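Worksheet: the structure to be examined is printed underneath.
Remember, predicted model here, so these are calculated numbers, not experimental data.
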Amino acid sequence: EPEVTQTPSHQVTQMGQEVILRCVPISNHLYFYWYRQILGQKVEFLVSFYNNEISEKSEIFDDQFSVERPDGSNFTLKIRSTKLEDSAMYFCASSGQGAFYEQYFGPGTRLTVT
Amino acid sequence: GNSVTQMEGPVTLSEEAFLTINCTYTATGYPSLFWYVQYPGEGLQLLLKATKADDKGSNKGFEATYRKETTSFHLEKGSVQVSDSAVYFCACYVAGNNRKLIWGLGTSLAVNP
């Protein structure tokens with residue numbers, strides 16, 4: 001069964017450093033997403049991406065964040081200058097087209113900012 | 001705006017007990033509804049879904065029925081197992097330009113042997 005993959009599984013970085021979180025969505029999907037989950041809290045939407053551009057972004061997704069689909073398979077989330085409060089689990093998801101909608105999630109990347 | 005409310009946890013049950021986790025939604029139009037499960041140390045997995053009123057989603061012994069009249073999508077299982085211990089998230093999606101999932105806070109379930 002096709003699945004979404006994410007790398008790395010755990011990233012530790014120092015405050016102020018740049019990080020890139022990588023995702024490989026399911027190959028025939030067209031919509032891509034990033035969510036995050038701060039430990040013990042709810043899942044929060046960050047951004048959706050379609051047709052090589054951002055469809056929607058939340059208020060969390062400020063100028064420090066960017067997304068890119070550099071080739072036909074990868075989908076990346078970059079945080080330019082990490083802050084302590086960026087520590088969270090980051091989930092990538094993808095979905096196909098259709099009247100109803102189902103997102104498939106990757107296993108997540110745990111980001112720890114020290 | 002659109003929102004999802006689910007019962008607060010943690011919920012602690014003995015093995016073979018009956019489980020209900022309540023979920024209600026507020027959404028315009030006709031949302032699709034989902035339950036996701038997160039096992040300890042793992043990512044989010046789709047457990048079941050329903051895309052229109054009166055649909056029943058089911059998987060692994062879990063069921064949830066899309067009730068438009070009460071705007072609810074309660075998760076039930078007749079006999080829980082220790083392996084069902086996880087966090088359960090209710091979520092909804094409203095079709096349109098906005099394709100994001102709206103999430104509930106999650107309900108932690110612990111099943112004791």
With a sphere of 6.0 Å drawn around [atom1] of [X], does it hold more than 12 non-hydrogen atoms of other residues, nucleotides or ligands?
X	atom1	result
B:Lys68	NZ	yes
A:Asp62	CG	yes
B:Glu16	CD	no
A:Glu18	CD	yes

Backbone N or O of B:Leu46 within a donor-acceptor pair of the A:Tyr104 side chain at under 3.5 Å? no
Say whether A:Ile54 and A:Leu77 are linked into one hydrophobic cluster, either directly or through other cluster members, by side-chain heavy-atom distances under 4.5 angstrom. yes
ILVMFWY cluster, A:Ile60 and A:Tyr90 together (side-chain gap under 4.5 Å): yes
Where does A:Gln37 contact chain B at under 4.5 Å (heavy atoms): side chain, backbone, both or neither? side chain
Taking C-beta and beyond as the side chain, do A:Tyr35 and B:Leu44 meet within less than 4.5 Å on heavy atoms? no
Answer whether the closest heavy-atom distance between the side chains of A:Val43 and B:Phe89 falls below 4.5 Å. yes
What about the rings of B:Trp103 and A:Phe105, do their centers lie closer together than 6.0 Å? yes
Measuring from B:Leu101:CG to A:Glu44:CD, what's the distance to the nearest 0.5 Å? 14.0 Å
Using a 4.5 angstrom heavy-atom cutoff, name the option from A:Gln41, A:Met89, A:Lys42 with the most pairs to chain B. A:Lys42
Which atoms of B:Gln45 are under 4.5 Å from chain A, going by heavy atoms: the side chain, the backbone, both sets, or neither? neither
